[in-house]
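To start, the structure itself, in structure tokens.
Sequence positions, counted from 1, serve as the residue numbers for this chain.
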Amino acid sequence: MIPKIISVDDHVIEPPGVWVDRLPSKYDDVMPRLVRHVGWLEWRDQRPYVVDDKGDGSQPMDIWHYEGRMYPITRGTAHVGFPEENALRPITLEEMLPGCYIQSERLAALDRNHTEASISFPSFFPRFCGQTFMEAEDRELALLCVRAYNDWMIDEWCAGDAHGRLIPQTIIPMWDPELSADEVRRCAAKGSFAITFTEQPYHLGLPSMYSGGWDPLWAACQETETVVNMHIGSSSRLPTTSPDAPWEATMSLNSENSVHAFCDWIISGTLARFPTLRIALSEGQVGWIPFFLARMDDMWDKTDSLSHLRDRLPEPPSSYVNGRIWGCVFNDLVGLRTRDMVGMSQIMFETDYPHLDSTYPDSAQVAEDMIKQAELDEKEAWMLLRGNAIECYRLQRYGITE
């Protein structure tokens with residue numbers, strides 16, 4: 001029997017009370033709230049439009065309302081259990097597995113999936129690093145929404161019976177690095193030591209990794225020993241080759257976003273300036289790491305005259321990976337076969353519940369097959385499935401020690 005899994009990338013579908021239970025009543029008309037509609041969705045320019053119509057072909061659907069905009073819950077948000085359904089079909093909470101949004105059911109799902117503990121990212125309403133609140137018109141309300149989400153994550157979703165099994169991860173007010181630093185410290189004081197950030201801030205209209213504008217946030221993360229997680233798609237874009245390329249092309253290329261983040265974090269000198277800061281690249285796999293590390297080391301050797309790279313990086317780029325950058329895999333045999341080049345200590349495992357790529361409820365079998373095919377020994381299997389996660393996130397703080 002393989003060791004119990006610690007999944008470093010799952011998702012939670014926010015239940016209806018996250019914001020309405022925590023925000024002042026004066027925001028009742030504009031705060032995030034879940035509304036049951038009957039009708040259908042129309043997609044125009046890749047954006048959903050809700051048509052309320054109880055005629056033929058209509059169906060119930062749950063829609064988040066926020067500041068006059070509507071955000072439907074679609075099957076792609078909760079694909080586990082319904083792999084053949086259209087990812088764009090609008091659904092209700094009752095049409096997804098209850099483990100998506102009910103704590104007790106999520107714990108039961110972990111048990112069925114040979115999983116001891118799990119770190120949850122937001123769903124497609126707040127988006128993977130809280131972009132929805134960054135785009136809001138009322139920043140005062142948006143800050144309250146960020147804090148309400150984080151309080152729910154720490155005090156409810158990860159509390160009680162879930163303590164030590166659902167590991168808290170919070171969002172930040174992305175529009176302001178100083179406010180973000182304050183929120184990191186506030187959440188750390190409440191017992192949360194992981195945040196989700198964007199893999200490409202420039203594409204969200206934010207300061208780039210080269211600007212130095214994020215240094216207050218990195219200082220707070222280093223001070224509180226908070227890990228910075230970057231999930232595929234957290235820049236609100238995914239790679240593609242042409243407008244008419246099918247979804248499978250994008251999914252085949254999605255690790256490209258992690259490559260960009262990997263390069264920026266190292267070449268910007270951020271890891272050199274903050275020598276104990278830790279980051280994780282979620283859902284990006286790891287098989288690409290050896291090539292890009294070798295390429296960056298080659299550039300460090302050859303091109304210092306172009307941008308004075310060595311002023312930012314006193315050591316070769318590859319020296320900033322061990323103990324600093326973790327990659328996350330759910331099915332990456334190539335990465336595991338090249339683990340000596342990637343760094344076995346830097347590879348973690350994820351089950352991606354409840355998305356289409358999720359290995360639930362067969363994660364143990366998927367992991368065992370990879371371990372056998374990659375010829376991992378017992379210690380390496382333990383590192384992949386739980387040991388590296390314990391080290392990266394310092395899970396001893398939640399009672400997970402081995």
- Message: Test: side chain to side chain donor-acceptor pair (under 3.5 Å). Region: residues 174-185. Which pairs qualify, not counting sequence neighbours?
- Response: N150-E183, E183-R186, R185-E223
- Which heavy atom of I390 sits nearest a heavy atom of T401, and at what distance? CD1-C, 4.3 Å
- Message: For a side-chain contact (heavy atoms from CB on, under 4.5 Å) check, start with the C-alpha distance between W64 and E14, then their side-chain angles and the critical distance, and finish with the verdict.
- Response: CA-CA 10 Å; W64 283 101; E14 296 76 22; 4.1 Å; yes
- Message: I'd like to know whether CZ of R295 has more than 12 heavy-atom contacts from other residues, nucleotides or ligands below 6.0 angstrom.
- Response: no
- Going from CZ on R278 to CZ on R324, what distance comes out if it is rounded to the nearest 0.5 angstrom? 9.0 Å
- Item | Distance, nearest 0.5 Å, that separates NZ of K4 from NE2 of H114 | 6.5 Å
- Message: Under a 4.0 Å threshold between the charged nitrogen and the carboxylate oxygen, would R22 count as salt-bridged to D155?
- Response: no
- Donor-acceptor pair between D10 and S120 side chains, under 3.5 angstrom: no
- Could you walk me through whether V184 and L217 pass the side-chain contact (heavy atoms from CB on, under 4.5 Å) check? CA-CA 8 Å; V184 165; L217 174 59; 3.6 Å; yes
- Note on the structure: Scanning both residues in full, the closest heavy-atom pair of M348 with C392 reads SD-CB, 3.8 Å
- Query: What do you reckon, is CD of E42 surrounded by more than 12 foreign heavy atoms closer than 6.0 Å?
  - Reply: yes
- Message: A side-chain contact here means heavy atoms from C-beta on lying under 4.5 Å apart; do Q59 and V38 qualify?
- Response: no
- Correct closest heavy-atom pair for A78 and M96 would be CB-CB, 3.7 Å
- Item | Under the side chain to side chain contact (heavy atoms under 4.5 Å, CB included) test, residues paired with L238 that sit two or more places apart | I232, W247, T250, N254, N257
- Task: Take the angle between the ring planes of H355 and F128 and call it parallel below 30°, perpendicular above 60°, tilted in between.
- Result: tilted
- Counting only heavy atoms not in F82, do more than 12 fall under 6.0 Å of its CZ? yes
- Message: Taking the six-membered ring for Trp, are W326 and Y393 closer than 6.0 Å centroid to centroid?
- Response: no
- Task: Nearest 0.5 Å please: distance from the CD1 atom of I266 over to the CD1 atom of I279.
- Result: 7.5 Å
- Would you mind reporting whether H203 and S236 have side-chain heavy atoms less than 4.5 Å apart? no
- Task: Answer yes or no: does atom CG of D28 have more than 12 heavy-atom neighbours from other residues, nucleotides or ligands under 6.0 Å?
- Result: yes
- Which pair of non-hydrogen atoms, one from M70 and one from P72, has the smallest distance, and what is that distance? O-CD, 3.8 Å
- Task: Compute whether any side-chain donor of one residue and acceptor of the other, for Y210 and D264, lie under 3.5 angstrom apart.
- Result: yes
- Item | R75 bridged to E84 by N-O distance under 4.0 Å | no
- Under 3.5 Å side-chain donor-acceptor pair for N229 and Q169: yes
- Item | Least distance between heavy atoms, F193 atom then T224 atom | CD2-O, 3.4 Å
- Item | Parallel, tilted or perpendicular, as decided by the 30° and 60° cut-offs, for the rings of F121 and H11 | tilted
- Task: Give a yes or no on this: more than 12 heavy atoms of other residues, nucleotides or ligands lie within 6.0 Å of atom CD of E402.
- Result: no
- Message: Please report whether the ring centroid of W157 lies less than 6.0 Å from that of Y101.
- Response: no
- Item | Non-hydrogen atoms of M61 and W40 that approach each other most closely | CE-N, 3.3 Å
- Message: What verdict does the side-chain contact (heavy atoms from CB on, under 4.5 Å) test give for Y353 and L110, after you've listed the backbone C-alpha separation in whole Å, the side-chain angles of each residue and the deciding distance to 0.1 Å?
- Response: CA-CA 10 Å; Y353 183 100; L110 295 185; over 6 Å; no
- L384/M344 under side-chain contact (heavy atoms from CB on, under 4.5 Å): CA gap, chis, key distance, verdict: CA-CA 8 Å; L384 170 67; M344 186 64 228; 3.8 Å; yes
- Message: Before we go on, tell me: are the rings of F262 and W288 under 6.0 Å apart, centre to centre?
- Response: yes
- Query: Does CE belonging to M341 count more than 12 external heavy atoms closer than 6.0 Å?
  - Reply: no
- Message: ring-ring contact (aromatic ring centres under 6.0 Å, His included) for F197 and W214? Distances and angles first, verdict last.
- Response: CA-CA 11 Å; F197 187 69; W214 296 104; 4.9 Å; yes
